[in-house]
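Notes follow once the structure below has been shown.
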Amino acid sequence: PQKLRRLNLMCSHVDNEGIPALAQVRNLEKVELLGAAIGDGALVHLKNVKSLRRVGLYGRPITDAGAKHLAELPNLENLGLGDTQVGDGTVRALVTHENLQHLDLGGTEVTDAGLDSLKQFPSLKWVSLTDTEVTQHAVDRLKKARPDLKVMWSPPDDGLPLPFPE
């Protein structure tokens, strides 16, 4: 397992109890857990896989209580939390993460208050905020504060993501 770098557990039967075994895979850089039977309890153990650079948790019952553990992944660059139950607490927990470059928060409970925290992410280059309750005004403030940040956003319920204007 020391050569394993990428692991796709999408739609698998892996649950919270199976995640601690990943900590033994010392070079694991990417894990996809879309459709796996995991929740917040898995993230308590996933934080021990320090080599992780990319984590996909799309559509899992993940909340702020579990997602805060992801801030302990020192090499994390790409985090997919789309269609989870995370909100502003997760954004605040990740704010000091030095390596995070891509963050998908589409379909989450993030609000305008969470966007204010996004201004502080040191390495963030891209964020998705589609299908959230974030307002145009908050997106405009984010653009002004971070003109280098690419933002995918659309008004609530319109369903069409719009690239952030250059």
Side-chain angles (χ1 to χ4, degrees), residues 5-7 9-10 16 19-20 22-23 25 28-36 38-135 137-154 156 161 163-164:
R5 298 221 188 286
R6 295 184 178 114
L7 186 58
L9 296 171
M10 292 172 58
N16 290 348
I19 298 300
L22 294 180
V25 184
L28 188 62
E29 295 178 359
K30 178 181 177 182
V31 65
E32 291 291 341
L33 294 162
L34 174 101
I38 61 142
D40 285 341
L43 303 185
V44 172
H45 303 290
L46 195 63
K47 72 178 183 181
N48 296 321
V49 188
K50 301 296 185 188
S51 57
L52 280 174
R53 295 173 57 180
R54 299 173 64 107
V55 176
L57 297 165
Y58 300 96
R60 300 299 76 225
I62 304 297
T63 68
D64 289 341
K68 69 180 180 185
H69 297 292
L70 299 171
E72 297 180 48
L73 294 171
N75 299 305
L76 190 62
E77 297 174 354
N78 189 315
L79 180 57
L81 292 170
D83 296 320
T84 64
Q85 299 163 11
V86 301
D88 299 336
T90 294
V91 177
R92 284 190 299 274
L94 293 169
V95 77
T96 59
H97 203 292
E98 295 183 8
N99 295 314
L100 194 60
Q101 298 176 23
H102 297 88
L103 180 59
D104 187 345
L105 295 169
T108 65
E109 298 175 15
V110 173
T111 68
D112 290 0
L115 251 62
D116 289 337
S117 296
L118 281 176
K119 297 173 190 175
Q120 302 170 37
F121 278 62
S123 299
L124 197 61
K125 296 177 181 178
W126 183 91
V127 64
S128 174
L129 299 162
T130 59
D131 197 25
T132 63
E133 295 300 317
V134 171
T135 65
H137 180 69
V139 171
D140 290 342
R141 286 193 324 258
L142 181 59
K143 175 186 177 188
K144 185 174 182 177
R146 289 286 312 274
D148 59 317
L149 182 62
K150 301 292 182 198
V151 178
M152 294 294 294
W153 176 81
S154 61
F164 201 77

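The structure presented is a predicted model; accordingly, all values stated were derived computationally and were not measured.
- Heavy atoms only, all atoms of each residue included: Leu57 and Leu70 are closest at CD1-CD1, 3.9 Å.
- A donor-acceptor pair under 3.5 Å is formed between the side chain of Ser51 and the backbone N or O of Leu28.
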> Where do Phe121 and Val95 land on the side chain to side chain contact (heavy atoms under 4.5 Å, CB included) test, with the steps shown first?
Replying inline: CA-CA 5 Å; Phe121 278 62; Val95 77; 3.8 Å; yes
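- Applying the 6.0 Å contact sphere to NZ of Lys50 captures more than 12 heavy atoms from other residues, nucleotides or ligands.
- Contact of the Leu79 side chain with the Leu100 side chain is registered, since non-hydrogen atoms from C-beta on lie closer than 4.5 Å.
- With rounding to the nearest 0.5 angstrom, the CG atom of Leu129 is 10.0 Å from the CG atom of Asp112.
- In plain terms, the two heavy atoms of Gln101 and Leu124 that are nearest each other are O-CD1, 3.4 Å.
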>> Between Val139 and Val134, is the side chain to side chain contact (heavy atoms under 4.5 Å, CB included) condition met? List the steps.
In response: CA-CA 7 Å; Val139 171; Val134 171; 3.7 Å; yes
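- Atom CZ of residue Arg146 and atom NZ of residue Lys125 lie 10.5 Å apart, to the nearest 0.5 angstrom.
- When each of Asp116, Thr135, Asp88 is paired with Thr111, the side chain to side chain donor-acceptor pair (under 3.5 Å) condition holds for Asp88 and for no other.
- The closest side-chain heavy-atom distance from Asp83 to Tyr58 is not below 4.5 Å.
- Looking only at side-chain heavy atoms (C-beta outward), Lys119 and Arg141 come within less than 4.5 Å of each other.
- Between the side chain of Asn78 and the backbone N or O of Arg53 there is no donor-acceptor pair closer than 3.5 Å.
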> Step by step, would you call Arg5 with Lys30 a side chain to side chain contact (heavy atoms under 4.5 Å, CB included)?
Replying inline: CA-CA 6 Å; Arg5 298 221 188 286; Lys30 178 181 177 182; over 6 Å; no
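- Note: Ile38 CD1 to Leu33 CG = 4.5 Å, rounded to the nearest 0.5 Å.
- Looking at Arg60, its side chain does come within 3.5 Å of a backbone N or O of Ala36 through a donor-acceptor pair.
- No donor-acceptor distance shorter than 3.5 angstrom exists from the side chain of Asn48 to the backbone of Ala23, with no hydrogens or angles considered.
- The closest side-chain heavy-atom distance from Arg6 to Glu29 is not below 4.5 Å.
- Of the candidates Leu118, Thr90, Val127, Leu105, Leu105 is the only one forming a side-chain contact (heavy atoms from CB on, under 4.5 Å) with Val110.
- The minimum heavy-atom distance linking Ala71 with Ala93 is given by the pair CB-O, 3.4 Å.
- At a threshold of 4.5 Å between non-hydrogen side-chain atoms, the residues Val31 and Leu22 count as touching.
- Listed here is the closest heavy atom pair of Thr108 and Val86: CB-O, 3.4 Å.
- One distance of note links CD of Glu77 with CD of Glu98; it measures 12.5 Å at 0.5 Å rounding.
- Here the straight-line distance linking atom CD1 of Ile62 with atom NE2 of His69 works out to 10.0 Å at 0.5 Å rounding.
- Side-chain atoms of Asn99 and Ser123 form no donor-acceptor pair, as typed in the model, at a separation below 3.5 Å.
- Going from atom CG of Leu52 over to atom NZ of Lys47 covers 14.0 Å, rounded to the nearest 0.5 Å.
- Residues Leu7 and Val25 are not in side-chain contact: their nearest non-hydrogen atoms beyond the backbone lie 4.5 Å or more apart.
- Taking the side chain as every heavy atom from C-beta outward, Leu142 and Val151 approach each other to under 4.5 Å.
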> Could you walk me through whether Asn16 and Leu43 pass the side chain to side chain contact (heavy atoms under 4.5 Å, CB included) check?
Replying inline: CA-CA 8 Å; Asn16 290 348; Leu43 303 185; over 6 Å; no
